[in-house]
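Here's the structure, in structure tokens; my notes come after.
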Amino acid sequence: MNTATASGNGPDGALDDVTDDAQIAVDALPDPILEIVKTVVLGPNGTCPSFANGVQGPGDPLTVATGQTVTYCVAIQNTGAGDATDVHISDDQAPNGVIKIGSLPSVEGRAVDVEGRAVDYDVVVGTSTPLRNVAVVTGTGPNGPTPPDDDDALIDTPSVSISLIHSVSKANEDCVTVAKNLNSLVANMETLPITWCALITNIGSFPLTNVDLSTPKIGDGEPVDALADTGSNVLLPGDSVRVEIPGEIPDTGLISNAGVTGLASELDGTVLTGVEPASDSDNAEVREASIDIETTVAAGADADCATAVEVLLIPSERDITWCFV
């Protein structure tokens, strides 16, 4: 506000002063408005979306397996009328945590890294990798600090897992494959035809391909492609496949130690890189039945066999008791 005063003299002396005010309004400089979008895509070096095409809010989680690489994409934009300075992005999983951007003029968006270039950063998903990742943008406008903005991205890491039940049965009977401990057979003769069985089940959340059964002591000893006769190159979650290998009882009996492995894949069988194979093992045993008999003798009719011996000296015409165990 500005005040002007006028004074003067008249014929009769000094006149009263008169004043008047004038006021001008000074508008504050416009503030910036910082916005951030964080998105996660499959890596390494995944293709990041633009600010407009990014996923605001958590969105649907990206399903990945432990060992895979994901690419986190961060895009910021100043949608206010004023320019922002001292702009930073705080991101716990970024290579250096806090990303220094510097100035960000109005209506200018870009994907950023530490140097402000249009790049992204990769993270190898481990067992301790957080499933939720948050990025926060802060800055300063002509009238002071701007309100921060944040956005997050989610991943989901379901399991990669497989189950094996190994058992054996007579060739004309069905294999029992309901539990790992029901896996032995006692047969009544050598060289009896038998069937070794393996029930393989995908108990994880990813399709499995290259499912190989290893049975070094039965068959030809070479790994068996468990999916060879299924008409598919993947074993879907929840599905099972049974493998049968013919054989016969050897005179020494046999314990078969079997193992199975499978690789996590896409539905078309494309292997997911960096993911540890799923594996399991079980054994089955077969042996020939045998009977042993021991004969002893005791003095007297209906004698107690607990007193029986292998050699008994006794007069002729006396009663004896034969004992068999």
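What's counted below: heavy atoms across the whole structure, side chains too, no hydrogens, waters or symmetry copies.
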Subject >> Gap separating the CG atom of L208 from the OG atom of S205, nearest 0.5 angstrom >> reply: 10.0 Å

Original post:
Taking atom CD1 of I33 and atom OG1 of T146, what is their separation to the nearest 0.5 Å?
Top reply: 9.5 Å

Original post:
Looking at residues at least two apart in the chain, or sitting in another chain, which of them share a salt bridge (charged side-chain N to carboxylate O under 4.0 Å, His left out) with D152?
Top reply: R132

Original post:
How far does CD of E248 sit from OG1 of T195, to the nearest 0.5 angstrom?
Top reply: 12.0 Å

**OP:** Could you list the residues that satisfy side chain to side chain donor-acceptor pair (under 3.5 Å) with T129, not counting sequence neighbours?
**Re:** none

Original post:
Hey, mind stepping through F206 and L272 against side chain to side chain contact (heavy atoms under 4.5 Å, CB included) and telling me if it holds?
Top reply: CA-CA 10 Å; F206 287 89; L272 301 181; 3.7 Å; yes

Original post:
For residues D122 and T71, is any side-chain donor paired with an opposing acceptor at under 3.5 Å?
Top reply: yes

Subject >> Minimum-distance pair of heavy atoms, taken over all atoms of P142 and P30 >> reply: CG-O, 3.2 Å

Original post:
In terms of side-chain heavy atoms, does Y121 have a donor or acceptor partner in D91 at a distance below 3.5 Å?
Top reply: yes

Subject >> V37 with V41, same ILVMFWY side-chain cluster at under 4.5 Å >> reply: no

**OP:** Look at atom CG of D92 and say whether more than 12 heavy atoms of other residues, nucleotides or ligands are closer to it than 6.0 Å.
**Re:** no

Original post:
Is V70 linked to V55 within one hydrophobic cluster, defined over Ile, Leu, Val, Met, Phe, Trp and Tyr using a side-chain heavy-atom separation of less than 4.5 Å?
Top reply: no

Original post:
Which one of S240, S161, S163 satisfies the side chain to side chain donor-acceptor pair (under 3.5 Å) criterion with T201?
Top reply: S240

**OP:** Could you tell me whether a side-chain N or O of H88 sits under 3.5 Å from a main-chain N or O of V137, the two making a donor and an acceptor?
**Re:** no

**OP:** Work out which heavy atom in D83 is nearest to a heavy atom in P105; give both atom names and the distance.
**Re:** OD1-CA, 3.4 Å

Original post:
Quick one: OG on S169 to CD on E244, what's the gap to the nearest 0.5 Å?
Top reply: 7.5 Å

Original post:
Do any N or O atoms from the side chain of N210 and from the backbone of G262 form a donor-acceptor pair under 3.5 angstrom?
Top reply: no

Original post:
What residues, two or more places apart in sequence or in another chain, satisfy side chain to side chain donor-acceptor pair (under 3.5 Å) together with D280?
Top reply: K180

**OP:** Ignoring hydrogens and angles, tell me if any N or O in the side chain of D212 forms a donor-acceptor pair with the backbone of P223 under 3.5 Å.
**Re:** no

**OP:** Find out if a path of hydrophobic residues (ILVMFWY) with successive side-chain heavy-atom gaps under 4.5 Å connects L236 to I203.
**Re:** no

Original post:
Shortest non-hydrogen contact from E276 to V160?
Top reply: O-CG1, 4.3 Å

Subject >> Considering all heavy atoms, the nearest P148-T138 contact >> reply: CB-CG2, 3.8 Å

Could you list the donor-acceptor pairs under 3.5 angstrom formed between side-chain atoms of residues 296-315 and any protein atom two or more places apart in sequence or on another chain?
unit_1	atom_1	unit_2	atom_2	d
D304	OD1	A306	N	2.9
T307	OG1	D304	O	2.7

Using distance only, find each side-chain donor-acceptor pair of residues 224-235 under 3.5 Å and give its atom names and separation, not counting sequence neighbours.
unit_1	atom_1	unit_2	atom_2	d
D225	OD1	L227	N	3.1
T230	OG1	L227	O	2.8
T230	OG1	S232	N	3.2
T230	OG1	S232	O	3.1
S232	OG	V234	N	3.2
S232	OG	V234	O	3.1
N233	ND2	D268	O	3.3

Subject >> Which residues share a side-chain contact (heavy atoms from CB on, under 4.5 Å) with P61, sequence neighbours left out >> reply: L154, D156

**OP:** Please confirm whether the backbone N or O of L34 pairs with a side-chain atom of N78, one donor and one acceptor, at under 3.5 Å?
**Re:** no

Original post:
From T209 OG1 over to N202 CG, what is the distance, rounded to the nearest 0.5 angstrom?
Top reply: 11.0 Å

Original post:
When rounded to the nearest 0.5 angstrom, what distance separates CG in L104 from OG1 in T140?
Top reply: 12.0 Å

**OP:** Search all heavy atoms of L62 against all heavy atoms of L42 and return the closest pair with its distance.
**Re:** CD2-N, 3.8 Å

Original post:
Do you know which of D151, I89, D120 makes side-chain contact (heavy atoms from CB on, under 4.5 Å) with V74?
Top reply: I89

Subject >> Beyond-backbone contact of S214 with P216, side-chain heavy atoms, under 4.5 angstrom >> reply: yes

Original post:
If every non-hydrogen atom of T177 is compared with every non-hydrogen atom of S167, which pair is closest and at what distance?
Top reply: CG2-OG, 3.3 Å

